[in-house]
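Count residues from 1 along the sequence.
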Amino acid sequence: MAVGYRLSVHSGAGCRFGKCRGGAVLIPLIERVQQTGSTNADLLARLSGGEHVGEGHWLVADRQTAGRGRLGRNWNDGQGNFMGSTVVHLTVGDPPASTLALVAGVALAKTVAALAPQVATQLKWPNDLLVGSAKCAGILMERAGNSVVIGIGVNLVSAPQLPDRPTSTLAGEGTPIDRDHFARALGIGMIDALWTWRHEGTASIVRAWLPLAHPLGTPLRVSEQGIDGLFEGLADDGALRLRRADGETMLVHAGDVELRRPVGEGS
């Protein structure tokens, strides 16, 4: 425990890091390694081997040689970027584990907003952070028994060239951020968002997530099914609400979602 400030995701708080109410906060433990295959894979191996990795512990790598994103995509291992993973241990009464992607998204978006307030970012369901229509960060969740490993990659200084989508960096938007400073801020944000998830439920996280996302009416496509529609928010359980051309609203509980045109062009 240390005396400090608690970053809040509660509605109406409107705080930046360390600028609001005083109180006791848990300081995240950041373990740094120079190089590894994948921070997610490392934590999964530790858990499988019986090691206890506490919540609030982050494994952060300078370089990854086998980093990956959702659906097995390779992800950039650029020096200076943030590449880190943490663990959530599921307990009786927790909301569904799948909604942890929203928890991580809220923590990620609020961290970037606090450290780079001039950069306009938007969350894209279920696990991306965009600058305009370009991907700047992603979230990968993998489960091991009653634990979930959450990996987050953020293009602080460099971005991979992807064949199916544009990418961006925070440095390219005129905001260089030190990797270790980002890691500490994200760790604190994750602790707070996780507290909200556990104590106030999924609906509260949904309410925190929505203002950080692309606008209602944004055209989207669910890639695997080739289904198009307009973003109509999230259900209370975190599912994507997609309004089809016939006016019907369908719920999408899992899938790879693409923007059909750049954010900001209208609906």
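With salt bridges taken as basic N to acidic carboxylate O contacts below 4.0 Å, one links Arg32 and Asp180.
Glu258 pairs by the salt bridge (charged side-chain N to carboxylate O under 4.0 Å, His left out) definition with nothing, not counting sequence neighbours.
Screening residues 82-96 for salt bridge (charged side-chain N to carboxylate O under 4.0 Å, His left out), with sequence neighbours left out, gives Asp94-Arg198.
Of all heavy-atom pairs spanning Thr202 and Asp236, the tightest one is CG2-O, 3.2 Å. Closest approach of Asn155 and Lys135 over heavy atoms only: ND2-O, 3.6 Å. Here the closest non-hydrogen pair linking Gln64 and Gly37 is CB-O, 3.6 Å. Closest approach of Pro160 to Thr167, counting heavy atoms only: O-OG1, 2.7 Å. Nearest heavy atom pair, residue Val148 against residue Ala97, reads CG2-CB, 4.2 Å.
Expressed to the nearest 0.5 Å, how far OG1 of Thr86 lies from CD of Glu55 amounts to 7.5 Å. Of the inter-residue distances, the one linking Arg244 atom CZ with Met250 atom CE reads 6.0 Å to the nearest 0.5 angstrom. Distance CD/Gln122 to OG1/Thr218: 7.0 Å, rounded to 0.5 Å.
Side-chain atoms of Asp237 and Thr99 include no donor-acceptor pair closer than 3.5 Å. The closest side-chain donor-acceptor pair between Ser85 and Asn40 falls under 3.5 angstrom. Gln35 and Thr65 are not linked by any side-chain donor-acceptor pair at a separation below 3.5 angstrom, with hydrogens and angles left out of the test.
With Val154 as reference, Leu108 is the one residue of Leu129, Leu186, Thr111, Leu108 to meet the side chain to side chain contact (heavy atoms under 4.5 Å, CB included) rule.
Considering only heavy atoms from C-beta on, Arg46 comes within 4.5 Å of Leu59 through its side chain. Residues Leu251 and Arg241 meet the side-chain proximity criterion, which asks for heavy atoms closer than 4.5 Å. For the pair Arg143 and Leu100, the minimum side-chain heavy-atom distance is 4.5 Å or more. Contact check for Leu123 versus Asp128: no side-chain heavy atoms found under the 4.5 Å cut-off. With a 4.5 Å cut-off on side-chain heavy atoms, Thr196 and Ile205 count as touching. Taking the side chain as every heavy atom from C-beta outward, Leu102 and Trp125 approach each other to under 4.5 Å. Side-chain contact check for Leu156 versus Pro176: every heavy-atom pair is 4.5 Å or farther apart. Put simply, the side chain of Trp58 reaches to within 4.5 Å of the side chain of Ile152, judged on heavy atoms.
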* Given Glu173 and Ser168, is the side-chain hydrogen bond (donor to acceptor under 3.5 Å, both in side chains) satisfied, shown in steps? -> CA-CA 8 Å; Glu173 297 296 317; Ser168 64; 5.3 Å; no
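Ring geometry, Phe82 versus Phe182: the interplanar angle falls from 30° to 60°, so the pair is classed tilted.
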